[in-house]
Each structure stands twice: as C-alpha cells, then as structure tokens.
Number of protein chains: 2
Amino acid sequence: MRITSSIEYATRLMIALGREHGKAPVSAERLAESNSVPTDYVSQILVKLRRAGIVKSRRGSAGGYALSRPPAEVTLGQVVRAVDRGVLEDVCGKYDAGAKNCHHQEACAISPVWSRLGAVITEYLESVTVAALLQGDH
Amino acid sequence: MRITSSIEYATRLMIALGREHGKAPVSAERLAESNSVPTDYVSQILVKLRRAGIVKSRRGSAGGYALSRPPAEVTLGQVVRAVDRGVLEDVCGKYDAGAKNCHHQEACAISPVWSRLGAVITEYLESVTVAALLQGDH
DNA sequence: TCATTCTTGACTGAAAATGTCATGTATGCT
DNA sequence: AGCATACATGACATTTTCAGTCAAGAATGA
C-alpha cells in the first residue's frame with residue numbers, strides 16, 4: 001500500500017497542465033523535462049490519462065497535451081484511478097476460490113473493512129482537485 | 001495501492017487468535033489450516049506480528065501463538081504496519097534526488113497531500129480493533 | 001532422549017513497477 | 001507535396017516486490 005512513481009508523475013503532470021489550462025498544448029517532451037519525469041515514460045502515463053478522459057491530445061507540430069476539463073473539475077481520485085490499480089482487487093475472493101464475500105463463513109468479518117477503507121481513501125482523493133493543488137489549498 | 005495477501009492473512013490470523021484469547025496457544029499449523037493460509041507462509045507472517053509485539057509465541061510441544069494484548073487493544077493499523085510497508089515511503093524524495101520535500105520548488109504542492117492521505121488511512125485502520133472484527137461491529 | 005513447535009535465513013517463481021526503444025501515424029508549415 | 005514535429009502503440013528489458021517453499025537449528029515439554 002504505497003504511492004507509486006506513476007501516481008506521483010501523473011500528479012505532477014496534472015499540476016503542470018493545470019498551469020497551462022486555456023493556453024496552447026504542451027508537448028510530452030517539455031512536460032517530461034520540466035517535471036523530472038523520464039522522457040520515454042511520460043507518454044505511457046499521458047496515454048492513460050487520455051484514455052481516462054482527463055487530458056486531450058493533439059498530434060503534429062504545435063501539438064501536445066492539455067486538460068480536457070478545468071482544473072477545478074479534475075480530482076486526484078480521477079488521476080489515481082487512471083494510472084493505478086484499485087485498493088481492493090479481489091482480496092476476499094482469494095479467501096476461498098469461487099466464493100463471493102467469504103461465504104464459507106457465515107459472515108465474513110474482513111471484507112466490509114477493506115471496502116470501507118477503499119471508500120475512505122476514495123473520499124479523500126475525490127476531495128482534492130487540481131485547482132486546489134495549484135492554489136496550495138490543503 | 002492495494003491490500004496484499006500478507007495483510008489479508010495477518011488479519012485472518014488475528015481474528016482467529018482473538019477467538020482463542022485467554023485459552024491455550026495455537027500452533028502455526030492449525031492456524032494455517034483453519035484460515036486457508038499456506039502452511040509454510042504462516043510462520044513468516046506470525047514472526048512479523050511477534051516482532052511488532054502483537055502476538056507472543058511459545059516453543060515446544062503444546063506451544064504456539066497467542067495475542068499479547070486483549071483483542072480490544074489491538075488495532076488493524078498495528079497489524080497492517082507489522083506486515084506491510086508504509087503508504088508514503090519517500091515518494092517526494094524522488095522528485096529531486098537529495099531534496100527534502102521537493103524544496104527545489106518554492107512550495108511543494110504534492111507532498112502534503114500524500115501525508116494527509118496516509119493520515120486518513122491510518123486514522124481509519126486505528127479505529128478498527130480486533131475485538132470489533134470478532135463482534136462484527138463495522 | 002524425543003517429538004513438537006517455533007526461528008531464521010536462503011532460495012525460487014511469478015507478477016508488477018519502471019523504464020527504454022522502435023515503428024507507425026497524424027498534423028501543421030513551407 | 002514534402003518535411004519536421006509530436007502523439008500512439010506495442011514490444012522489450014530491468015528491477016523490485018510479492019508469495020511461497022524449504023531446510024537447518026534451537027527451545028520446550030513429556
């Protein structure tokens with residue numbers, strides 16, 4: 001349970017793009033350089049953000065990336081989900097193969113706890129917007 | 001960011017040991033069988049729980065493991081910390097090698113967010129005790 | 001002494017994280 | 001049209017972590 005490099009990188013990129021919101025798109029190369037993200041790694045992260053609908057891209061000269069929504073409408077939760085796996089990911093399913101929610105016990109005591117933990121994490125991440133990060137509100 | 005098998009296993013073991021609190025110690029083998037934890041893996045998890053002071057062990061025949069505190073005084077946070085790495089783990093330090101808290105920027109906007117996320121997670125995990133899991137309070 | 005059980009560390013295989021690279025495709029400019 | 005720019009995609013390599021196995025040793029009780 002930790003913050004991966006991808007999450008860190010994605011967050012930096014979002015802040016950088018947030019600063020340029022409304023202006024011309026920024027190339028992947030410039031984003032990589034100015035945010036200390038490995039040059040050839042930045043594309044992979046950006047494509048995930050694009051597939052999640054958070055950023056949009058334009059090819060060709062004068063192309064690059066830009067936010068598809070205003071910074072105030074982009075949350076950290078959206079960013080994290082775009083580049084990272086979930087918190088839960090079938091933990092309880094491993095308890096007994098084929099079982100849903102540990103049904104081999106009358107009542108699984110654990111499953112609801114991980115669900116609530118996931119909810120707690122999501123709730124916090126959704127409460128932080130890129131706009132807030134730009135303004136230092138936190 | 002996910003719940004690992006070790007965390008799941010450790011939690012199951014704590015519940016099992018919580019049920020036996022006050023009675024005779026339970027052997028690793030029995031714990032493994034009755035909780036669907038791989039037999040040879042259970043020792044590694046138990047030793048971490050012991051080093052964290054959560055369980056105590058006794059060797060020899062009629063030996064085994066037992067909680068070192070009542071279930072109500074053991075939190076999920078203690079268990080998770082015993083078997084897993086932290087949430088943060090120097091993420092921001094990677095931003096610029098040698099820099100503390102992204103000091104190459106006047107004010108790092110990201111670092112405080114991960115700190116608060118860690119606090120939110122810890123707060124929830126600390127609020128859940130083994131006793132609560134035994135009673136189904138959650 | 002002997003069976004039981006924990007202790008420790010080494011070892012292995014699989015999966016995930018982290019990058020790198022090469023090839024292809026779209027766009028704008030001249 | 002032709003060219004440089006820049007994204008798109010997938011393959012590949014490396015490192016780290018996770019998950020699990022195994023074996024030799026030490027302590028304990030009968």
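Below, chain A is the first sequence line, B the second, and so on; all start at residue 1. Bear in mind the structure is a predicted one, so any value in this text is a computation, not a measurement. Just so you know, these numbers use all the heavy atoms, side chains as well, and skip hydrogens, waters and symmetry mates.
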Check: If the sugar-phosphate is the primed atoms plus P, OP1 and OP2 and the base is the rest, what is the B/S/- string for nucleotides 22-30 of chain C, using protein heavy atoms under 4.0 Å?
Finding: --BBBBB--
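- Counting heavy atoms from C-beta outward, B/Leu134 and B/Ile15 have side chains that approach closer than 4.5 Å.
- In terms of phosphate contacts, B/Tyr9 brings a side-chain nitrogen or oxygen within less than 4.0 Å of OP1 or OP2 of D/dG20.
- For the pair A/Val79/A/Thr75, no side-chain contact is recorded, criterion being any heavy-atom separation below 4.5 Å from C-beta on.
- For the segment residues 38-54 of chain B, the set of residues with a heavy atom within less than 4.0 Å of an atom of DNA chain C comprises B/Gln44, B/Val47, B/Arg50, B/Arg51, in numerical order.
- Spacing between atom CD of B/Glu33 and atom C1' of C/dT5 amounts to 14 Å, rounded to whole angstrom units.
- Of the candidates D/dC18, D/dC7, C/dA16, C/dA16 carries the atom nearest the A/Arg85 side chain, counting heavy atoms from C-beta on.
- Between A/Asn35 atom CG and C/dG19 atom P the separation is 14 Å, expressed in whole Å.
- Annotation: side chain of A/Tyr124 is in contact with side chain of B/Val113 (closest heavy-atom distance under 4.5 Å).
- Between the CG atom of A/Leu13 and the C1' atom of D/dC7 there is a distance of 15 Å, given to the nearest Å.
- When all heavy atoms of A/Pro25 and A/Ala62 are compared, the pair lying nearest together is CG-O, 3.8 Å.
- Side chains of B/Leu13 and B/Asn35 form a contact here, defined as non-hydrogen atoms less than 4.5 Å apart.
- Looking only at side-chain heavy atoms (C-beta outward), A/Arg81 and A/Thr122 come within less than 4.5 Å of each other.
- Contact annotation: A/Ser5 reaches the phosphate of C/dT18 (side-chain N/O to OP1 or OP2, under 4.0 Å).
- Taking atom CD1 on A/Ile3 and atom P on D/dT16, their separation rounds to 20 Å, with Å as the unit.
- Nearest to the side chain of B/Asp84, among D/dA19, C/dG19, D/dC18, sits D/dC18.
- With a 4.5 Å cut-off on side-chain heavy atoms, A/Val47 and A/Tyr65 do not count as touching.
- For B/Glu29 and C/dT7, the CD to C1' distance is 16 Å, given to the nearest whole Å.
- Heavy-atom distances under 4.0 Å link DNA chain C to no residue of residues 73-83 of chain A.
- Side-chain contact between A/Ile110 and B/Arg12 is present, with heavy atoms from C-beta onward closer than 4.5 Å.
- Put simply, B/Ser6 has no side-chain N or O that comes within less than 4.0 Å of OP1 or OP2 on D/dC18.
- For the pair B/Glu73 and B/Thr129, the minimum side-chain heavy-atom distance is 4.5 Å or more.
- Judged by distance alone, the side chains of A/Ser6 and A/Tyr41 do bring a donor and an acceptor atom under 3.5 Å apart.
- Environment of CD in B/Glu126: crowded, with over 12 heavy atoms of neighbouring residues, nucleotides or ligands closer than 6.0 Å.
- In this structure, B/Lys56 atom NZ and C/dT5 atom P are separated by 18 Å, rounded to whole Å.
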